[in-house]
Amino acid sequence: MLKFEIIETDGNARTGILKGTHGLTETPCFMPVATAGAVKGVRWEEIKESGYSLVLSNIYHLYLRPGIELIEKMGGLHRFINWNGLILTDSGGFQVFSLGDLMKLTEEGVYFRSHIDGSKHFFSPELVVEFEEKIGVDIGMVLDECTPYPATKEYALHSLERTYRWAKRSVEARSTDKTAIFGIVQGGVYDDLRLKSAKLTAELPFEGIAIGGLSVGEPKEDMYRITSLIAPKLPFEKPRYLMGVGKPEDIVVAVEHGVDMFDCVMPTRNARNGTLFTWNGKLNIKSAKYKEDEKPIDETCDCYTCKNFSRAYLRHLFAAKEINALILNSIHNLHFYSKLMEKIRKAIKEKRFKEFKQEFFSKYKVDEE
Ligand SMILES: CO[C@@H]1O[C@H](CNc2nc3cc4c(=O)[nH]c(N)nc4cc3[nH]2)[C@H]2OC(C)(C)O[C@@H]12
Ligand SMILES: [Zn+2]
């Protein structure tokens, strides 16, 4: 049973506690991405040490490999991956729609070919809920159509209407409240369609609501405009999740509009290509300027990587294509995101989020799009 309690508000920003069968997480929170059941290159101990207690996995990937039945046989997802915190699974509503012509969309559901071996599969809203309940996740996302960008207004309307019909079927398919289910707002980049989708989704008995269909290649101003329009209009007492977001600066802006939950591959994916986060902006460890730089990535960071290694050494490891480069970079970037969320929660509790936002942007150099 998932419970959400709001502790403090500061304008539209709010901080709260999300409590489920497998523990609790303070919000606003960032969810490390463990797509196939592991956060790439980082052990659960480090994830916990950094203060995370909710991670994101993906039903589409787990279904294709190792399979829902196997995970069920192994005692459910928490036991199988040996993570005793909270788990949210995305439904694959984003992945299957990124498969292009390997996917066929019908009112019943979506037929798709596995990106692993080309085998044929079918997902329906009911099947996805069944899978999420079977493996015992704490929060399951509904099967939706992540409307692509760009899309005509006509397509975006049909797409949000189908997502709504699927959302109703997902609610009907539930057999337990042990797995909370979140609805997903679509509507492309069209404000009136976004409002329509938000209203329809909010009327259904979901434990939380996500804003989907963003961070899919649309201009940054569209993402900001839609988030600022929709987030404050979603039910105040339910958690609001902005899917796939995002960069540190995007998270700060979205929190101001009332978003509570975030996920993005950025901290781990950027780590693997040498892009590291600091409070002054991003740095690329490959740059020759770090060749003899004895400073840690960020002098204020207390992560294992910053406490033990210099930029010079991390640059060397990356150049030598050492596995430890990916691991140490990932540990730092995930720790940075966790500290960002900690600072955000503290600022809201102390009702000084506006000052925090100004302070953040005065130091953090945002890279040009
Ligand atoms: C900035 O990171 C890249 O951008 C993608 C994240 N952006 C994103 N928007 C999303 C929308 C939805 C949605 O509407 N519905 C469902 N069910 N899930 C979703 C998941 C989503 N994630 C990452 O995806 C790739 C891997 C392409 O690069 C990352
Ligand atoms: Zn660090």
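As the structure lists them, so they are numbered: ligands from 1, and atoms in each ligand from 1.
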Within the 4.0 Å heavy-atom shell around C264, which atoms of ligand 1 are there?
1 (C), 2 (O)

Contact (N/O only, under 3.5 Å) between L214 and ligand 1
yes

Could you check, using the six-membered ring where one of them is a Trp, whether F277 and H335 have ring centers closer than 6.0 angstrom?
no

Minimum heavy-atom separation for L2 and A180, please, with both atom names.
CB-CB, 3.7 Å

When you check the space around the Zn ion (ligand 2), which protein N, O or S atoms turn up under 2.8 Å?
C301 SG, C303 SG, C306 SG, H332 ND1

Could you establish whether M141 and ligand 1 come within less than 4.0 Å of each other, counting only heavy atoms on the residue side?
no

Once side chain to side chain contact (heavy atoms under 4.5 Å, CB included) is applied, do any residues pair with I116, and if so which ones, sequence neighbours excluded?
L64, R65, S114

Atom indices of ligand 1 within 4.0 angstrom of G212 heavy atoms, with elements
13 (C), 14 (O)

Heavy-atom contacts under 4.0 Å between V216 and ligand 1: side chain, backbone, both, or neither?
side chain

Please indicate whether any nitrogen or oxygen in I184 is less than 3.5 Å from any nitrogen or oxygen in ligand 1.
no

For R269 and ligand 1, answer yes if some heavy atom of the residue is under 4.0 Å from a ligand atom, otherwise no.
yes

The protein heavy atom nearest to atom 24 (O) of ligand 1 is F94 CE2, 3.3 Å

Taking a cutoff of less than 4.0 Å between a non-hydrogen atom of the residue and any ligand atom, is Q95 in contact with ligand 1?
no

